[in-house]
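Inspection log for the structure reproduced underneath, given as structure tokens.
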Amino acid sequence: MINQDNLKLYTYKELKVLLPAGTSFEKLYEKAKDKEKFDQQFICVYEGNVETEAFNPHDEVQWGVYYKFIEEKENIPLFSVPVILGNVTCKTASLREVLITGNLHTKNLDVNYTSRPNTFSQIMGNVTVDEVLFTTGKGLGGKTFNFQVNGDVNIHTWINLEQAAIKAKSLTVKKEFSFPQVYAAEDRSKHAQKKTDWSRHSLEELTNHFNKEHLNLEEYENYVDFFFRVPTKLSKADYDYLIK
């Protein structure tokens with residue numbers, strides 16, 4: 001559990017003096033036509049380091065600040081990217097939209113793209129994933145989803161669904177499992193049918209690397225996230241995914 005006393009509500013004008021240089025907020029601010037309006041947008045903030053078992057900044061920080069400061073107020077211009085002013089250490093984390101100004105150290109990590117405009121996931125420090133990083137990209141077409149890390153990234157096992165990318169100072173991965181999105185037929189039009197390509201990894205290879213008890217074997221060659229039980233296990237609690 002996080003410390004509720006550390007939940008704060010800032011305007012961007014108040015927050016930007018506390019942020020390190022090079023955040024995606026800076027780029028959005030530079031592009032903004034009305035900078036005064038941008039300065040007055042509110043941002044949900046957690047002050048200090050986070051040390052917990054499972055961490056989801058959208059649920060715990062974004063909603064936590066909302067219920068603490070905003071719920072009964074109207075017409076609050078609220079930015080959808082919560083900010084952690086510190087380091088995060090946990091057993092498992094699930095990220096979609098967040099700015100962490102320090103380092104992230106976790107056992108397992110789930111990172112999913114966001115389709116909403118003016119949102120991002122960015123870690124200003126280093127990222128260390130002791131066991132499994134699961135990323136979900138946007139697949140074929142459109143702009144590639146990049147998990148932004150300004151420091152170094154060290155990952156034991158990376159499961160990459162639908163062409164997600166990691167943009168970092170340096171990237172070290174011991175083992176990668178890739179499940180790209182491909183066209184299901186010869187049609188290459190915008191609305192052409194697509195599917196997930198499982199051909200790079202056999203069931204034997206997967207069960208030799210991952211603990212069977214945490215896999216849903218019935219989903220092999222079907223839904224990758226369900227096969228690895230991402231929504232129900234990897235992103236929720238501490239599990240030993242890898243065979244030691």
Side-chain angles (χ1 to χ4, degrees), residues 1-3 6 46 48-62 64 82-113 121-137 145-161 164-179 201 205-217 219 223-244:
M1 295 291 293
I2 64 173
N3 187 342
N6 290 7
Y46 186 88
N49 298 329
V50 173
E51 294 185 11
T52 188
E53 288 289 314
F55 184 57
N56 183 323
H58 182 267
D59 292 347
E60 297 180 69
V61 178
Q62 189 77 7
V83 174
I84 316 301
L85 294 175
N87 302 314
V88 175
T89 304
C90 55
K91 293 294 185 181
T92 187
S94 181
L95 309 181
R96 181 182 291 267
E97 300 164 337
V98 69
L99 171 65
I100 298 174
T101 63
N103 302 318
L104 170 62
H105 187 180
T106 182
K107 182 178 177 181
N108 296 313
L109 175 61
D110 172 33
V111 179
N112 204 329
Y113 78 90
S121 289
Q122 184 179 22
I123 316 298
M124 299 304 294
N126 303 320
V127 172
T128 302
V129 181
D130 294 333
E131 288 206 5
V132 175
L133 167 65
F134 189 97
T135 57
T136 304
F145 165 67
N146 286 299
F147 178 38
Q148 303 174 64
V149 181
N150 287 46
D152 302 318
V153 176
N154 285 278
I155 304 165
H156 188 287
T157 299
W158 181 12
I159 305 170
N160 189 0
L161 173 61
I166 299 174
K167 185 179 180 181
K169 181 179 178 181
S170 69
L171 175 61
T172 302
V173 181
K174 289 186 177 180
K175 178 69 175 178
E176 180 178 354
F177 295 85
S178 181
F179 300 89
H201 308 292
E205 180 190 9
L206 294 170
T207 53
N208 284 338
H209 190 82
F210 298 96
N211 281 328
K212 286 184 180 180
E213 62 183 290
H214 301 316
L215 304 176
N216 184 351
L217 300 181
E219 290 290 344
Y223 293 102
V224 175
D225 54 344
F226 290 169
F227 176 82
F228 289 104
R229 298 185 187 271
V230 176
T232 56
K233 283 196 171 185
L234 188 144
S235 65
K236 297 295 184 182
D238 177 18
Y239 291 95
D240 294 324
Y241 262 81
L242 304 182
I243 296 175
K244 308 299 183 182

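For the single chain, residues carry numbers from 1 onward in sequence order. All values derive from a computational prediction rather than experimental measurement.
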Looking at [X] and [Y], what are the two nearest heavy atoms and their distance?
| X | Y | value |
| --- | --- | --- |
| Ile243 | Asn208 | CD1-O, 3.4 Å |
| Ile123 | Phe147 | CG1-CZ, 3.8 Å |
| His156 | Asp130 | CB-O, 3.1 Å |
| Gly48 | Ile84 | O-CG2, 4.0 Å |
| Phe179 | Leu206 | CZ-CD2, 4.3 Å |
| Gly102 | Asn87 | CA-OD1, 3.3 Å |

message: Just by distance, no angles: are the side chains of His105 and Asn126 close enough, under 3.5 Å, to form a donor-acceptor pair?
response: no

task: Would you please say whether a donor-acceptor pair under 3.5 Å links the side chains of Ser178 and Asn160?
output: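 Looking only at side-chain atoms, Asn160 and Ser178 do not form any donor-acceptor pair under 3.5 Å.
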
message: Applying salt bridge (charged side-chain N to carboxylate O under 4.0 Å, His left out), can you list everything that pairs with Lys175, at least two apart in sequence or on another chain?
response: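 Listed in chain order: Glu205.
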
- line: Residues passing the salt bridge (charged side-chain N to carboxylate O under 4.0 Å, His left out) test with Glu60, sequence neighbours excluded, are none

Can you tell me how far the [atom1] atom of [X] sits from the [atom2] atom of [Y], to the nearest 0.5 Å?
| X | Y | atom1 | atom2 | answer |
| --- | --- | --- | --- | --- |
| Phe227 | Asn216 | CZ | CG | 8.0 Å |
| Ile159 | Thr135 | CD1 | OG1 | 9.0 Å |
| Leu95 | Ser121 | CG | OG | 6.0 Å |
| Phe226 | Glu219 | CZ | CD | 6.5 Å |
| Gln62 | Glu97 | CD | CD | 8.0 Å |
| Leu85 | Tyr46 | CG | OH | 11.0 Å |

message: According to ring-ring contact (aromatic ring centres under 6.0 Å, His included), who are the partners of His209, at least two apart in sequence or on a separate chain?
response: Phe177

- request: Assess whether side chain to side chain contact (heavy atoms under 4.5 Å, CB included) is satisfied between Met124 and Leu99, documenting all intermediate values.
  value: CA-CA 8 Å; Met124 299 304 294; Leu99 171 65; 3.9 Å; yes

query: Mind checking whether Thr157 and Phe210 have side chains closer than 4.5 Å, heavy atoms only?
result: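 Yes, at least one pair of side-chain atoms sits under 4.5 Å.
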
message: Show, in sequence, the C-alpha distance, side-chain angles and deciding distance for Thr106 and Phe55, and conclude whether the side chain to side chain contact (heavy atoms under 4.5 Å, CB included) test is met.
response: CA-CA 10 Å; Thr106 182; Phe55 184 57; over 6 Å; no

Contact list for residues 48-58, test side chain to side chain donor-acceptor pair (under 3.5 Å), sequence neighbours left out: Asn56-Asp59

Less than 3.5 Å apart, which donor and acceptor atoms pair up between the side chains of residues 232-242 and the rest of the protein, not counting sequence neighbours?
residue	atom	partner	partner atom	Å
Lys233	NZ	Glu213	O	3.4
Lys233	NZ	His214	ND1	3.1
Ser235	OG	Val230	O	2.7
Asp238	OD1	Lys107	NZ	2.8
Asp240	OD1	Lys107	NZ	2.4
Tyr241	OH	Phe228	O	2.8
Tyr241	OH	Leu234	N	3.1

message: Ala168: which residues meet the side-chain contact (heavy atoms from CB on, under 4.5 Å) condition with it, sequence neighbours left out?
response: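 Ala168 satisfies side-chain contact (heavy atoms from CB on, under 4.5 Å) with Val149, Val153, Ile166 only.
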
message: Treating Thr101 as the side-chain partner and Gly86 as the backbone partner, does any N or O pair qualify as donor plus acceptor under 3.5 Å?
response: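 Yes, the answer is positive, given that a donor and an acceptor are paired below the 3.5 Å cut-off.
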
- prompt: Where the side chain of Arg96 meets the backbone of Val111, is there a donor-acceptor pair that is under 3.5 Å apart?
  reply: no

- request: Report the C-alpha separation of Leu217 and Thr207 in whole Å, then their side-chain angles, then the decisive distance to 0.1 Å, and conclude whether the side chain to side chain contact (heavy atoms under 4.5 Å, CB included) test is met.
  value: CA-CA 9 Å; Leu217 300 181; Thr207 53; 4.0 Å; yes

message: For Ile155 and Thr172: C-alpha separation, side-chain torsions, deciding distance, then whether side chain to side chain contact (heavy atoms under 4.5 Å, CB included) applies.
response: CA-CA 6 Å; Ile155 304 165; Thr172 302; over 6 Å; no

